[in-house]
2 protein chains.
Amino acid sequence: MKLEQAAKQLEALGNPTRLKLYRTLVRAGETGRPVGYLQDALGIAASTLSHHLHRLILTGLVTQERQATTLICRANYPVMNDLLGFLADECCADAACGLAVGEAAA
Amino acid sequence: MKLEQAAKQLEALGNPTRLKLYRTLVRAGETGRPVGYLQDALGIAASTLSHHLHRLILTGLVTQERQATTLICRANYPVMNDLLGFLADECCADAACGLAVGEAAA
DNA sequence: CGGTTAATTCGAGAATTTTCGAAATAGTAT
DNA sequence: ATACTATTTCGAAAATTCTCGAATTAACCG
């Protein structure tokens, strides 16, 4: 993964509203959540949510699928995995960092 | 770790200049790097670098130690580990995400 | 077609970020 | 004390982000 792309994704996650949003989608799992549900859950204007969703989608961290009139949003795990991989490889390569990552997985 | 704090740290890393900066420090390992070295390496104004360093230090991702007239900067691994832990626990809990994290560590 | 629900786009204001050069500070050595 | 090197703080301009309400598009149903 390129550094620029990783920075974009980190920036996308580096906002409380978007991180909360992403976490909500992760917790929803494969099921995903409709935009309307997310709006209620986060308590923000629809246009604001749409803006944040757009940023997450641009980075590939979230995907959308239409189901009739509602749009289902899902966390896109492979992209998050690549990001974690970048951080582990590029930013923890020569330190005691792989250790804790191992712990997290264990 | 609290979500707000994680967002702050992700935001700190979510800027190409700061991510490059952090990676440089990680690669330097325990030795660390003086601010002046980082300025040459990144090719930015001293005041700009100081600003970015400040943000990384505020989030705890980077530490500084004075050695005579020069300030040595170091990546603060435990903080990065906590952040990766948060992402793994809070944002990949119920998915196939731990899998890739395990791979990165292996 | 006309109506209804779901979500995005538009337009705009407030706040924050990013960047720089110039000036100030910290520390050391002469 | 003076001078020198290393780094931060100040002040400010340009760009971006965040937020909202109003208007618009998308998909369905009767």
Side-chain angles (χ1 to χ4, degrees), chain A residues 3-25 28 31-76, chain B residues 3-25 28 31-76:
Chain A
L3 182 136
E4 294 285 340
Q5 192 192 346
K8 276 280 176 211
Q9 293 171 350
L10 289 166
E11 185 188 32
L13 293 172
N15 170 280
T17 300
R18 285 195 294 269
L19 188 53
K20 220 170 293 177
L21 171 49
Y22 184 79
R23 186 176 61 175
T24 303
L25 290 179
T31 312
R33 293 289 185 218
V35 175
Y37 174 97
L38 296 170
Q39 192 193 335
D40 289 346
L42 297 173
I44 57 180
S47 54
T48 303
L49 172 60
S50 195
H51 159 69
H52 286 308
L53 265 176
H54 185 62
R55 296 200 50 166
L56 287 170
I57 288 165
L58 275 185
T59 63
L61 284 161
V62 166
T63 60
Q64 280 183 330
E65 182 205 356
R66 186 128 226 158
Q67 281 186 8
T69 54
T70 75
L71 271 172
I72 306 298
C73 306
R74 291 195 188 82
N76 195 16
Chain B
L3 182 136
E4 295 285 340
Q5 191 192 347
K8 277 279 177 211
Q9 293 170 351
L10 289 167
E11 184 188 32
L13 292 172
N15 170 281
T17 300
R18 285 195 294 269
L19 187 54
K20 221 170 293 177
L21 171 50
Y22 183 79
R23 185 177 59 175
T24 303
L25 291 179
T31 311
R33 294 288 186 218
V35 175
Y37 174 97
L38 297 171
Q39 193 193 334
D40 290 344
L42 297 174
I44 57 179
S47 54
T48 303
L49 173 59
S50 194
H51 159 70
H52 286 308
L53 267 175
H54 185 62
R55 297 198 50 164
L56 286 169
I57 288 164
L58 275 184
T59 62
L61 284 162
V62 166
T63 60
Q64 282 182 328
E65 183 205 355
R66 185 130 227 156
Q67 282 187 6
T69 52
T70 75
L71 271 172
I72 307 297
C73 305
R74 291 194 188 82
N76 195 16

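All chains are named by letter (A, B, ...) in the order of the sequence lines, taking the proteins before the strands, and each is independently numbered beginning at 1.
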So [Y] and [X], do their side chains get closer than 4.5 Å, heavy atoms only?
X	Y	result
B/Lys20	B/Thr17	no
A/Gln5	A/Gln9	yes
B/Gln64	B/Ile72	no
A/Arg74	A/Arg33	no

Map A/Ile57 and B/Gly14 onto DNA chain C by nearest heavy atom, then report which one ends up closer to the 5' terminus.
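Nearest-nucleotide comparison on DNA chain C picks A/Ile57.
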Whichever of B/Val35 and A/Gln67 has its nearest DNA chain D nucleotide further upstream toward 5':
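Nearest nucleotide further toward 5': that of B/Val35.
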Base, sugar-phosphate or nothing for [X]? Non-hydrogen atoms, less than 4.0 Å.
X	result
A/Ala68	sugar-phosphate
B/Thr48	base
B/Ser47	base

Any idea which of C/dC20, C/dA6, D/dT17 is nearest the A/Glu11 side chain?
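That would be D/dT17.
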Nearest-neighbour nucleotide for the A/Thr69 side chain, C/dT18, C/dT5, C/dT9 considered:
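For the A/Thr69 side chain, the nearest candidate turns out to be C/dT5.
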Return no unless some side-chain N or O of B/His51 is found under 4.0 Å from OP1 or OP2 of D/dT9.
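No.
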Whole angstrom value for the distance that separates P of C/dA26 from CZ of B/Arg66:
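One finds 9 Å between P of C/dA26 and CZ of B/Arg66, rounded.
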